[in-house]
Protein chains: 2
Amino acid sequence: MANQLNLSIDRSSPVPLYHQVVQGIEAAIHTGILEPGSRLDNEIDLAAQLNLSRPTMRKAMDELVRSGLLVRKRGVGTQVVSSQVRRPLELSSLFDDLSNNGAKPTTDVLTFSHDEADDPTREALHLPRGAMVYHFTRLRKVGGKPLALMENWVRDDITPLTEELLGSQGLYSVLRNGGVNFRLATQRIGAVVANEYQATQLDTVPGSALVTMERTAVDDTGRNVETGHHVYRADSYSFEMTLVQR
Amino acid sequence: MANQLNLSIDRSSPVPLYHQVVQGIEAAIHTGILEPGSRLDNEIDLAAQLNLSRPTMRKAMDELVRSGLLVRKRGVGTQVVSSQVRRPLELSSLFDDLSNNGAKPTTDVLTFSHDEADDPTREALHLPRGAMVYHFTRLRKVGGKPLALMENWVRDDITPLTEELLGSQGLYSVLRNGGVNFRLATQRIGAVVANEYQATQLDTVPGSALVTMERTAVDDTGRNVETGHHVYRADSYSFEMTLVQR
DNA sequence: TATGTCCGCTTGATAGGACATACTGCCTTT
DNA sequence: AAAGGCAGTATGTCCTATCAAGCGGACATA
């Protein structure tokens, strides 16, 4: 019983073949054509069906295994993971995440300055003494309701930042448009209770629970572009992720 | 100026060649032989130096790029990421994490039962009506200081669980010894303020900040093996991770 | 009938080649 | 001298091939 994937591979597309396969199988899983727990045909047959070589097919399946949609067992086969897999934590800003989910986030820029970096910031961004950074705090709302209070520091030798830019789109979007290719980020997630200031800004009461995130992002040239400290209302936000065993 | 990696590849070892290369380069980076920001030789030369084929070399470098230790740019080359990369969030238990860091964790089993699963648990573990599960709560301490309060549910058709087992080692260790091969887990991290019970157990005061984690783990046969809800003292624990852009 | 061995199926690992594409820097041209 | 094009280099993609290793069922034997 071969499962018909009905994928169409466009060899003239600039999209790599293996990635077209990834997208096709992802779509098949999400639309239910491939049911959770069902077994796929073996790699060689699948490659033959799509007129691809086995390594290309394997590369596609590797990605799907890494993202947790498939599990492979030698000598047995490959099957669709039964549970619904969440998207992994993306290297994107909260703004993008919310927009992608159909929400309409807004941003209030509370403070904005262009100053000499203090010691912790210099260390986080690997900057020399006397270097300048943008420093700003923003309040992110969804549907008029405050969700996150964000304080960030960005090195100033990349692209000019203005209050207007930050008020209209996400930080990562601004930086990407400025030519930054993010490669990785280190982040730490914890918890605190809201102080007076945070409670006021987030429209809650002092003593309520907040999720905290500290993040430093690195671009493809190895520069530490941005570091920040964010707090989120715990009743409105949590970090969800999928871990895959290597 | 070729950098001499001085890797020795053992072709008779059962460890795959590409993984030996991964380990070798990881070691070189951690010992400082490869400095942050330095460029590696190109793939073809490296493969030649180690008497490997280019695909094998690429597979090794792929892993290192994925884990965030290297960045590659087409037409330019591959370089060591400047910032120190933390270990990614592993699919392991808190007990293992602490042990690996040299700590000596202890576990108090507060409650332990073998009951019929309630509705939320049946849904989380994809169990039929009337299925039985182990249900237990544990208190994890380090150096006598309470760190985490953990409540878990485990399906009972895998391996027998006892209070004694859970008191002496981590849950994941017990399950792995029972033949479970974990493949992935979905988890959600948030925050709450401690209630009276949590505060008492964790030796803190009601109203202090706690980090929460809910997790469901899936094994290589697609079974949802374990689900749980943990709370950690926010002053002693946070989740640290590295995100890599794909 | 029960047990142990073997074989076929499937994924895992490795090799080597060919061509595509992006980036850098040099060289030519204006 | 500045701007544009071109060549070199490195990674990206894709192919054909081959052997290794784990798993499960079939088959033969005690």
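Naming: A, B, ... by sequence-line order, numbering from 1 per chain.
- One can place CE of B:Met57 at 16 Å from P of C:dA13, the figure rounded to the nearest angstrom.
- For B:Arg58, a side-chain nitrogen or oxygen approaches OP1 or OP2 of D:dG12 to under 4.0 Å.
- Protein atom CG of B:Asp62 is 14 Å distant from nucleotide atom P of D:dC14, rounded to whole Å.
- Judged by distance alone, with hydrogens and angles left aside, the side-chain atoms of B:Ser38 form no donor-acceptor pair with the main-chain N or O of B:Leu34 at under 3.5 Å.
- At the phosphate of D:dG12, OP1 or OP2 sits under 4.0 Å from a side-chain N or O atom of B:Arg72.
- Here A:Lys73 does not reach the OP1 or OP2 of C:dT10: none of its side-chain N or O atoms lies under 4.0 Å away.
- The phosphate of C:dT14 has neither OP1 nor OP2 within less than 4.0 Å of any side-chain N or O from B:Lys59.
- B:Asn152 and B:Glu226 are linked by a side-chain donor-acceptor pair at a separation below 3.5 angstrom, with hydrogens and angles left out of the test.
- The distance from atom CG of B:Leu52 to atom P of C:dG16 is 10 Å, rounded to the nearest whole Å.
- Here B:Thr78 does not reach the OP1 or OP2 of D:dA10: none of its side-chain N or O atoms lies under 4.0 Å away.
- The interatomic distance linking A:Arg11 (CZ) with C:dA20 (P) rounds to 13 Å, in whole Å.
- Between B:Arg74 and A:Met61, the residue whose closest nucleotide on DNA chain C is further toward the 5' end is A:Met61.
- Between B:Asn42 atom CG and D:dG8 atom C1' there is a gap of 12 Å when expressed in whole angstrom units.
- Distance A:Leu70 CG to C:dT10 C1': 15 Å, rounded to the nearest Å.
- A straight line from CD of A:Glu43 to P of D:dA21 spans 17 Å, rounded to a whole angstrom.
- A sub-4.0 Å separation between OP1 or OP2 of C:dC19 and a side-chain N or O of B:Arg54 is absent.
- The aromatic rings of A:Phe136 and A:Phe112 lie parallel to each other, their planes meeting at an angle below 30°, with 60° marking the opposite boundary.
- For B:Tyr18 and C:dT14, the shortest distance from a side-chain N or O to OP1 or OP2 is not below 4.0 Å.
- Among the atoms of the strands shown, base atoms are found under 4.0 Å from some heavy atom of A:Ser53.
- B:Pro55 comes within 4.0 angstrom of a nucleotide base, judged by non-hydrogen atoms across all strands.
- Salt-bridge formation is not detected for the pair A:Asp62/A:Lys59: no Lys NZ or Arg NE/NH1/NH2 atom is positioned less than 4.0 Å from an Asp or Glu carboxylate oxygen.
- In this structure D:dA30 sits in a base pair with C:dT1, meeting the Watson-Crick or G-U test at under 3.5 Å.
- Listed pair A:Thr56 / D:dT13 fails the phosphate criterion, with no side-chain N or O lying under 4.0 Å from OP1 or OP2.
- No hydrogens or angles considered: a donor-acceptor pair under 3.5 Å links the side chains of B:Ser238 and A:Arg188.
- Atom CG of A:Leu17 is separated from atom P of D:dT16 by 12 Å (rounded to the nearest Å).
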